[in-house]
Number of protein chains: 2
Amino acid sequence: MLGREILAGHWRAGERIPTESVLAASLGVAVGTLRKAVAELEQRGMLERRQGSGTYVRARAGRVKNIYEFFRLELLQGGGLPTAQILAVDAAPLPKALIAHEQPSWRSGWRIRRLRALNGTPVALEEIWIDQRHALTPAFSEALYQFYKEQLGFWIARVQDQISVDALPAWAPAELGLQAGAACTYIERQAWSNSQVVEEVSRTWVHPQRARYCARWP
Amino acid sequence: MLGREILAGHWRAGERIPTESVLAASLGVAVGTLRKAVAELEQRGMLERRQGSGTYVRARAGRVKNIYEFFRLELLQGGGLPTAQILAVDAAPLPKALIAHEQPSWRSGWRIRRLRALNGTPVALEEIWIDQRHALTPAFSEALYQFYKEQLGFWIARVQDQISVDALPAWAPAELGLQAGAACTYIERQAWSNSQVVEEVSRTWVHPQRARYCARWP
DNA sequence: AGGAATTTGTGCGTATGTATC
DNA sequence: AGATACATACGCACAAATTCC
């Protein structure tokens with residue numbers, strides 16, 4: 001769980017994470033158990049511990065080498081090559097639920113609705129908002145984060161996901177294989193750019209019999 | 001301490017070492033502490049653990065890459081390049097103290113007396129017995145274990161050291177910088193060849209102000 | 001085939017030492 | 001000088017895998 005949190009970017013590089021006792025208490029485990037987990041992450045190079053000081057998130061050596069660095073869905077049997085099909089692009093207000101955390105600096109945004117597939121199988125429905133001042137050239141299609149970096153000049157450095165369950169919205173296409181109102185794994189995301197401003201908020205409904213949320217590590 | 005035991009060859013490759021509770025008790029530590037130590041050695045590739053079965057000594061991947069694999073002396077400040085100067089070679093009976101463990105298959109042996117130096121500084125006196133049937137060509141001088149391997153066709157696979165304190169013998173040369181009778185670190189060694197027979201027994205007196213016994217690991 | 005004993009795996013809670021702030 | 005936070009260690013309980021009878 002800790003590794004997932006780190007890769008999901010809940011703490012930024014160099015930041016000090018909560019102390020052993022606080023983390024252990026919040027996760028409901030004993031300090032010794034937490035220490036073992038942290039030691040493993042330290043050995044993997046994800047954390048750095050300094051006695052008397054704290055535990056810090058280590059900066060990744062090779063930055064954003066993988067365009068799917070923040071992609072968190074996988075088939076139930078594991079893996080799957082992600083693709084996306086755009087359903088609609090329009091201007092629409094952000095749902096209040098999506099700005100519960102940090103407020104984006106922009107108030108009006110593009111709304112992008114996509115159908116996500118893994119290995120060609122539709123697995124999820126995405127609804128994404130980005131700053132309306134960005135020019136949406138036809139170049140954006142599959143890898144949105146890559147589009148940000150190459151066309152818009154910033155890149156996603158950190159994301160925060162919140163996972164729950166929600167009913168599939170009415171605009172879901174039939175290809176997803178679920179009826180509107182069906183219970184789906186539901187992900188709300190805020191994404192921060194390299195300049196540490198909220199560049200994107202999104203929500204995703206995942207077909208629970210086809211894919212799952214899974215933070216992976218290298 | 002465990003790593004030293006393993007590198008000293010007190011258990012042979014593939015052998016199962018005592019259980020956690022036994023080892024912990026014999027070392028006077030708690031089981032958890034021992035587990036941490038064993039986990040570290042496992043990570044270093046020296047041990048292999050199997051749940052429900054036991055803990056086993058792993059065969060070294062690259063065998064005897066270092067001719068000083070079983071060399072256990074170092075300067076007080078650490079390290080030092082080992083050299084040896086032969087003082088005498090003759091045939092002499094094995095002291096009873098040296099055959100207290102496993103009996104060598106041979107009874108009459110060559111006795112080699114050497115002065116050991118580290119970085120040119122004399123640090124120890126060695127007295128070594130090997131099977132008298134071996135032909136001592138002039139090739140043997142510095143690295144005796146290498147001589148065994150290249151000239152005699154076997155190699156040392158395992159040694160067992162026993163460390164105590166003993167008085168320096170009368171035949172010690174003045175260069176060692178200690179008077180006869182001076183208290184020295186004293187090492188008795190039995191060395192097993194790849195065919196698992198005792199090929200060598202030795203004893204070493206170490207100048208306590210110049211060097212120390214130290215099992216090192218890669 | 002099955003069950004008991006053995007051995008490592010995981011986890012809890014606590015106390016104390018040491019480095020840093 | 002004191003508070004904070006990680007490092008090390010102890011002892012215990014139970015789970016899971018293996019081994020042995």
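Because only heavy atoms are used, hydrogens play no part in the values below, and waters and symmetry mates are left out as well, while side chains stay in. Convention: sequence-line order gives letters A, B, ...; per-chain numbering from 1.
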Residue pair R212(B), E74(B): steps toward the salt bridge (charged side-chain N to carboxylate O under 4.0 Å, His left out) verdict: CA-CA 6 Å; R212(B) 63 175 167 227; E74(B) 69 173 19; 2.9 Å; yes
Would you say the side chain of Q162(B) lies within less than 4.5 Å of the side chain of R189(B), judging by non-hydrogen atoms? no
Closer than 4.0 angstrom, basic N to acidic O: yes or no for R203(B) and E127(B)? yes
Pair E20(A) + R49(A): basic N to acidic O under 4.0 Å: yes
Taking atom P of dA5(D) as reference, at what distance in whole Å does atom CG of L47(A) sit? 16 Å
Would you mind reading off the distance between E20(B) atom CD and dC12(D) atom P, rounded to a whole angstrom?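 Computing the E20(B):CD to dC12(D):P distance gives 15 Å.
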Who pairs with E42(A) by salt bridge (Lys or Arg N to Asp or Glu O under 4.0 Å), at least two apart in sequence or on another chain?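 Not a single residue meets the salt bridge (Lys or Arg N to Asp or Glu O under 4.0 Å) criterion with E42(A).
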Both V29(A) and T55(B) contact DNA chain C. Which one's nearest nucleotide lies toward the 5' end? T55(B)
Would you say a side-chain N or O of R35(A) is under 4.0 Å from OP1 or OP2 of dA7(D)?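 Yes, within the criterion.
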Check every strand shown and say whether G54(A) touches a base, only sugar-phosphate, or nothing at a heavy-atom separation below 4.0 Å.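 Sugar-phosphate: the residue G54(A), judged by heavy atoms under 4.0 Å, touches backbone atoms but no base.
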Quick one, give me the B/S/- string for nucleotides 16-21 of chain D, reading 5' to 3', where B means a protein heavy atom under 4.0 Å from the base and S means that only happens at the primed atoms, P, OP1 or OP2. BBBS--
May I ask you to check whether E200(B) and Y145(B) show a side-chain donor-acceptor distance below 3.5 Å? yes
Going 5' to 3' along DNA chain C, which nucleotides are the first and last within contact of chain A (any atom under 4.0 Å from a heavy atom)? dT10(C) to dC21(C)
Parallel, tilted or perpendicular: which one describes the rings of F154(A) and Y148(A), with boundaries at 30° and 60°? parallel
Can you tell me if Q179(B) has over 12 outside heavy atoms packed within less than 6.0 Å of its CD?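 Atom CD in Q179(B) is not packed in, count stays at 12 or less.
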